[in-house]
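Just so it is clear, the model here is predicted, and its values are computed rather than measured.
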Amino acid sequence: MSAEIICVGTELLLGDILNSNSQFLAQQLAKLGIPHYYQTVVGDNPERLKQVIEIAISRANILIFTGGLGPTPDDLTCETIADFFGAPLIERSEIIEDITQKFAQRGRVMSPTNRKQALIPQGAEVLPNPTGTAPGIIWQPRPDITIFTFPGIPSEMYRMWQETAVPFLQSQGWGKEIIYSRSLRFWGIGESALAEKVSSYFNLPNPTVAPYAGKGEVRLRISAKANSAAAAEELIAPVEKQLKEIAGLDCYGADNDTLASVVGELLRSQEETVSVAESCTGGGLGQMFTEIAGSSDYFWGGVISYDNSAKIRLLGVNPKDLDKFGAVSATVAEQMALGVKSRLETTWGLSITGIAGPGGGTEIKPVGLVYIGVAGPNDEVKSFEYRFGTIRERWFIRHLSACTALDLLRRRLLTR
């Protein structure tokens, strides 16, 4: 027994709308312990939708549709499903009444086109929509197939799922077991290198361990199936401990932790402060700090010093060193870190100077070359050189630079 998520809408295929519905539903299915192995996105085309249904019923017992329930001609989900299973559409008077009342509450009269939304397959149950005009259905056209339909508007779908779909599934015996996951987060190690270190864990039956990467970091997802979250956590805990021991400092946190939040807690616990001097990241590092609630306890500010004159006047960088080594250099990175630390009177100073592209690179100093400076409590300072590559987009080089600076400080805070 497994579920398949089918999202309907040409706008999804064109990339006009972010498909957050599939992510929400996947997370919800895990909470109910319902396996799901496939997700499909299909445009507003009846024949292609029928092809998707044909494939889905061969490999899943629960089909969850989102989108295509509106009043316009291209909203064809419900009638296509009915046609596929050979069921007539029946107009439900209670749906007409509900839509009429909702229009009246807004001071409007229901359009005749909205009557289309009251047509559902014979034998299907209405899945109420408390806020919108598009109801869904719960239908078992065959003994081994259960179909749910939801509108594509996320806020409507979320509420309908929680208020009606979840109780129905629980009444069918689902939810007695859950799939609970914990994600360990890593920085400073590649996916292949980490996978090699922990490869023996990838064949565990319960909990399972799987790697995945994104935006410069790597994650290991530990998933356990159990009768409760507490029981699942008991299964996960020893595996999590072993993986952390293997990874060492490369593991910086878990689940919703970010490098900025972890660094912030370390600074707070040690009653220390930090300031930043940024060139190529343009304030991105400071933004990561300030996105954390309460960061004013330890983050005192920063200087965005793009022009060399700002580096000289605001950070005290030696103009002769700028002429000799250039703005993108280890020497300048160190002086920037010391300068911002001194001027803002913080325990730590972080600096970033580099070439984010797309232009500005040379053979000696290519796009992606970045220097990060870290100045510590006793004015000891060190710089680190990184070459993030010339083919990466500008935003990604900036992101990698800011995250790497945070990671450098994290490691210093943990090991000094």
Side-chain angles (χ1 to χ4, degrees), residues 1-9 11-12 17-42 44 49 52-53 56-57 59-71 75-82 92 94-95 98-99 102 117-121 123-141 144-181 223 225 227-229 232 255-256:
M1 182 73 76
S2 65
E4 182 155 344
I5 299 168
I6 301 170
C7 299
V8 183
E11 67 278 9
L12 296 172
I17 295 177
L18 179 66
N19 187 8
S20 60
N21 287 343
S22 59
Q23 181 185 34
F24 170 83
L25 288 168
Q27 293 168 343
Q28 293 296 309
L29 288 170
K31 289 181 179 179
L32 291 167
I34 300 176
H36 114 269
Y37 307 116
Y38 300 96
Q39 296 179 7
T40 303
V41 178
V42 61
D44 301 300
L49 181 53
V52 167
I53 297 171
I57 62 175
R59 62 191 184 189
N61 310 92
I62 301 171
L63 275 55
I64 305 172
F65 294 81
T66 68
L69 302 185
D75 290 310
L76 302 166
T77 298
C78 205
E79 63 186 83
T80 303
I81 294 171
R92 298 286 286 267
E94 67 269 35
I95 298 176
D98 178 68
I99 296 174
K102 285 173 178 171
Q117 295 175 297
L119 295 171
I120 69 172
E125 297 180 30
V126 177
L127 202 167
N129 185 339
T131 55
T133 62
I137 64 168
I138 302 175
W139 188 32
Q140 292 181 302
D144 61 336
I145 299 293
T146 299
I147 289 175
F148 294 85
T149 66
F150 298 90
I153 299 172
S155 60
E156 295 181 17
M157 188 271 287
Y158 296 169
R159 186 169 174 183
M160 293 165 69
W161 174 266
Q162 297 289 1
E163 294 184 3
T164 305
V166 169
F168 175 85
L169 288 166
Q170 289 174 332
S171 73
Q172 302 298 303
W174 293 104
K176 294 179 181 178
E177 283 191 319
I178 65 166
I179 300 171
Y180 182 89
S181 296
S223 299
K225 192 169 187 178
N227 293 328
S228 66
D255 295 335
N256 295 321

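Atom CD1 of Ile153 is surrounded by 12 or fewer heavy atoms from other residues, nucleotides or ligands within 6.0 Å.
In terms of the salt bridge (charged side-chain N to carboxylate O under 4.0 Å, His left out) criterion, Asp144 has no residue partners (sequence neighbours excluded). Glu163 is linked by a salt bridge (charged side-chain N to carboxylate O under 4.0 Å, His left out) to Arg159, counting only residues two or more places apart in sequence or in another chain. Tyr158 is linked by a ring pair (Phe, Tyr, Trp, His ring centres under 6.0 Å) to Phe24, counting only residues two or more places apart in sequence or in another chain. For Asp98, the salt bridge (charged side-chain N to carboxylate O under 4.0 Å, His left out) partners are Lys102, not counting sequence neighbours. Not counting sequence neighbours, Glu156 has no partner by the salt bridge (charged side-chain N to carboxylate O under 4.0 Å, His left out) test. In this view, Gln23 and Gln27 satisfy the side-chain contact (heavy atoms from CB on, under 4.5 Å) rule, not counting sequence neighbours.
Here the side chains of Ile5 and Thr40 are not in contact, with every heavy-atom distance at 4.5 Å or above. Counting heavy atoms from C-beta on, the side chains of Tyr38 and Arg59 come closer than 4.5 Å. Contact annotation: the side chain of Gln28 approaches that of Gln162 to within less than 4.5 Å [non-hydrogen atoms, C-beta and beyond]. Between Cys78 and Pro121 there is a side-chain heavy-atom pair separated by less than 4.5 Å. Between Ile145 and Gln140 the shortest side-chain heavy-atom distance does not fall below 4.5 Å. Put simply, the side chain of Leu49 does not reach to within 4.5 Å of the side chain of Asp44, judged on heavy atoms. The shortest side-chain heavy-atom distance between Phe150 and Phe65 does not fall under the 4.5 Å cut-off.
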Legend entry - Residues Asn129, Leu69; criterion side-chain contact (heavy atoms from CB on, under 4.5 Å); working and verdict: CA-CA 11 Å; Asn129 185 339; Leu69 302 185; over 6 Å; no
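Just one residue in the list Leu169, Thr164, Ile137 forms a side chain to side chain contact (heavy atoms under 4.5 Å, CB included) with Phe148, and that residue is Leu169. The only member of Ile147, Thr149, Leu29, Ile34 that meets side chain to side chain contact (heavy atoms under 4.5 Å, CB included) when paired with Ile64 is Leu29.
Checking side-chain atoms of Asn21 against main-chain N and O of Gly152 turns up a donor-acceptor pair under 3.5 Å.
Side-chain contact, Glu125 with Trp139: no donor N or O sits under 3.5 Å from an acceptor N or O.
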